[in-house]
Amino acid sequence: MTRSVDAEIKRVTVTLPKRQLDALQTIALREDVSVAWLIRKAVDKLLRKGPEMPVADRAQRSKRRE
């Protein structure tokens with residue numbers, strides 16, 4: 001059985017540390033929503049802040065460049 005997916009929607013696979021997934025599952029259960037829904041909402045919130053919003057502090061970015 002195949003599921004048609006809207007051309008505007010793409011599936012993304014994300015690897016999370018167990019502690020993050022456990023926390024998301026706890027919130028999802030409490031709020032009666034899916035983990036996927038929580039992640040979509042978090043991405044929406046990040047994107048609403050705009051592309052110029054820093055997502056990591058300067059020290060972390062500097063270390064990555066080395």
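Note that these values count all heavy atoms, side chains included, but never hydrogens, waters or copies made by symmetry.
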All N/O donor-acceptor pairs, side-chain side in residues 31-49, below 3.5 Å, sequence neighbours left out:
{"unit_1": "Ser34", "atom_1": "OG", "unit_2": "Trp37", "atom_2": "N", "d": "2.9"}

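Pairs of residues two or more places apart, or lying in two chains, that qualify as salt bridge (Lys or Arg N to Asp or Glu O under 4.0 Å) and include a residue from residues 18-27 are Lys18-Asp22.
Taking Val14 as the reference, Val12, Leu16 meet the side chain to side chain contact (heavy atoms under 4.5 Å, CB included) condition, with sequence neighbours excluded.
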